[in-house]
Student: 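The structure follows.
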Amino acid sequence: MSPDHRTLGPLARKAAKRAGMVASLALVLAAGLANPAIAAPQNPTAPETTATVHTDDKCRPGNHHNPHYGATPADRDTGECKDPTGPVGSKGDKGNPAPCYEIDAHQGQHEYEVRGLVSNGITYAGIRDLRPSRNPADDDLRWTDLSGLSGYPTTRSEGVPCGVSVNEDTNGNNDLRGRDDFTDLKIDIVTTKGRVFEIICEVSHSGDELATVTCPHPDLPRSEDAWKELNRPQKDADNDE
């Protein structure tokens with residue numbers, strides 16, 4: 001007997017189609033729960049990327065448990081996650097010492113007064129005649145540059161002249177040869193290296209001429225330097241020893 005072939009009507013075919021779709025969806029859901037890779041396939045149009053996050057890296061971005069970490073390098077403090085220190089740069093050239101200015105004065109009698117001046121490494125001797133009968137118009141000091149004389153400190157090891165003092169016999173008339181109207185004047189300077197130099201000069205205040213200072217003293221041997229270095233003071237020195 002031949003099988004009974006029946007034709008389903010429109011409503012029956014629609015019901016059967018719905019039943020098949022539900023069954024297929026159930027199978028897909030079941031497969032997705034069993035294998036997430038099937039349920040969430042990769043986007044075929046996105047580039048393949050791989051990222052490895054070290055959960056033990058306390059300085060990694062996004063670690064909010066580390067109080068030393070900041071969102072940007074500027075936010076980081078001096079804690080464990082601070083940026084590494086760069087190499088130390090080379091030391092710059094040492095600058096020149098600041099310029100020195102100092103003046104000293106002496107007046108032992110009513111005829112004249114003298115000055116010693118250091119200005120930016122240059123040493124000057126100054127004099128002014130105070131006798132109205134001989135110099136009614138001498139109101140200005142007259143200066144002489146002493147830095148070009150032999151023995152003047154000019155090297156780095158000697159240093160730059162920075163301090164000055166003047167010394168003269170207050171009795172006057174006591175030059176190297178015991179002449180009247182001539183006086184010996186000593187000018188000392190100290191440098192930035194602590195070295196002391198001295199020059200001996202002669203002050204002339206005789207006759208009707210203006211008082212003048214001559215350095216070095218004319219009676220000193222010309223074979224010797226005009227400026228002579230004195231012995232340097234030493235720490236804890238005692239002049240009684």
Student: Show the nearest heavy-atom pair for residues Gly121 and Val118, with the distance to one decimal.
Tutor: N-CG1, 4.4 Å
Student: Take Lys186 and Glu168 through the test salt bridge (charged side-chain N to carboxylate O under 4.0 Å, His left out) and record every step on the way to the result.
Tutor: CA-CA 6 Å; Lys186 295 178 181 179; Glu168 185 185 24; over 6 Å; no
Student: Sequence neighbours left out, what passes side-chain hydrogen bond (donor to acceptor under 3.5 Å, both in side chains) with Glu224? Give chain and number order.
Tutor: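 For Glu224 the side-chain hydrogen bond (donor to acceptor under 3.5 Å, both in side chains) partners, ignoring immediate neighbours, are Lys228.
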Student: How long is the gap from OG1 on Thr214 to CD1 on Ile200, to the nearest 0.5 Å?
Tutor: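 Answer for the OG1-CD1 pair, Thr214 versus Ile200, is 14.0 Å.
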Student: Does Tyr152 have any ring-ring contact (aromatic ring centres under 6.0 Å, His included) partners at least two apart in sequence or in another chain, and if so, which?
Tutor: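 Per chain and number, Tyr152 pairs via ring-ring contact (aromatic ring centres under 6.0 Å, His included) with Trp227.
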Student: Side-chain heavy atoms under 4.5 angstrom apart, residues restricted to Ile, Leu, Val, Met, Phe, Trp, Tyr: same cluster for Leu117 and Tyr101?
Tutor: no
Student: Can you name the closest pair of heavy atoms from Leu146 and Cys215 and give their distance?
Tutor: CD2-CB, 3.6 Å
Student: For Ile199 and His217, what are the C-alpha separation, side-chain angles and deciding distance, and is it a side chain to side chain contact (heavy atoms under 4.5 Å, CB included)?
Tutor: CA-CA 8 Å; Ile199 189 171; His217 198 291; over 6 Å; no
Student: Grab the two heavy atoms, one from His205 and one from Tyr112, that are nearest each other, plus how far apart they are.
Tutor: CD2-CE2, 3.4 Å
Student: Let me see the working for Ile187 and Leu185 under side chain to side chain contact (heavy atoms under 4.5 Å, CB included), right down to the final yes or no.
Tutor: CA-CA 7 Å; Ile187 299 177; Leu185 172 70; 4.3 Å; yes
Student: Where the side chain of Asp184 meets the backbone of Glu202, is there a donor-acceptor pair that is under 3.5 Å apart?
Tutor: no
Student: Hey, is the main chain of Ala211 close enough, under 3.5 Å, to the side chain of Ser204 for a donor-acceptor pair?
Tutor: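 Not at all, since once roles are kept as given, no pair shorter than 3.5 Å links the two residues.
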Student: Compare all side-chain heavy atoms of Leu210 with those of Arg142 and state whether any distance is below 4.5 angstrom.
Tutor: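 Leu210 reaches Arg142 side chain to side chain.
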Student: Measure from the side-chain N and O atoms of Ser150 to the backbone N and O of Ala226, and report whether any donor-acceptor pair falls under 3.5 Å.
Tutor: yes
Student: Under the side-chain hydrogen bond (donor to acceptor under 3.5 Å, both in side chains) rule, collect the residues that match up with Glu102, sequence neighbours excluded.
Tutor: none
Student: Is there side-chain contact between Asn167 and His106, with at least one heavy-atom pair below 4.5 Å?
Tutor: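 When only atoms from C-beta onward are counted, His106 and Asn167 do not touch, as no gap falls below 4.5 Å.
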Student: Can you tell me how far the CD atom of Gln107 sits from the CZ atom of Arg128, to the nearest 0.5 Å?
Tutor: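 Rounded to the nearest 0.5 Å, the CD-CZ separation comes out at 9.0 Å.
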Student: Side chain to side chain contact (heavy atoms under 4.5 Å, CB included), that's the test. Do Glu113 and Asp129 meet it? Break it down for me.
Tutor: CA-CA 7 Å; Glu113 58 182 353; Asp129 200 315; over 6 Å; no
Student: Transitive ILVMFWY cluster of Leu230 at side-chain heavy atoms under 4.5 Å: who else is in it?
Tutor: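 Same cluster as Leu230: Val190, Val196.
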Student: Any non-hydrogen side-chain atom of Ile127 less than 4.5 Å from a side-chain atom of Val114?
Tutor: yes
Student: Going by the rule side-chain hydrogen bond (donor to acceptor under 3.5 Å, both in side chains), which residues pair with Ser147 if we only count those two or more places apart in sequence or in a different chain?
Tutor: Asp145
Student: For Val203 and Phe182, run side chain to side chain contact (heavy atoms under 4.5 Å, CB included): C-alpha distance rounded to whole Å, both residues' side-chain angles, the deciding distance at 0.1 Å, then the answer.
Tutor: CA-CA 6 Å; Val203 177; Phe182 288 88; over 6 Å; no
Student: By side-chain hydrogen bond (donor to acceptor under 3.5 Å, both in side chains), which residues pair with Glu158, not counting sequence neighbours?
Tutor: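 side-chain hydrogen bond (donor to acceptor under 3.5 Å, both in side chains) check on Glu158 returns Thr155.
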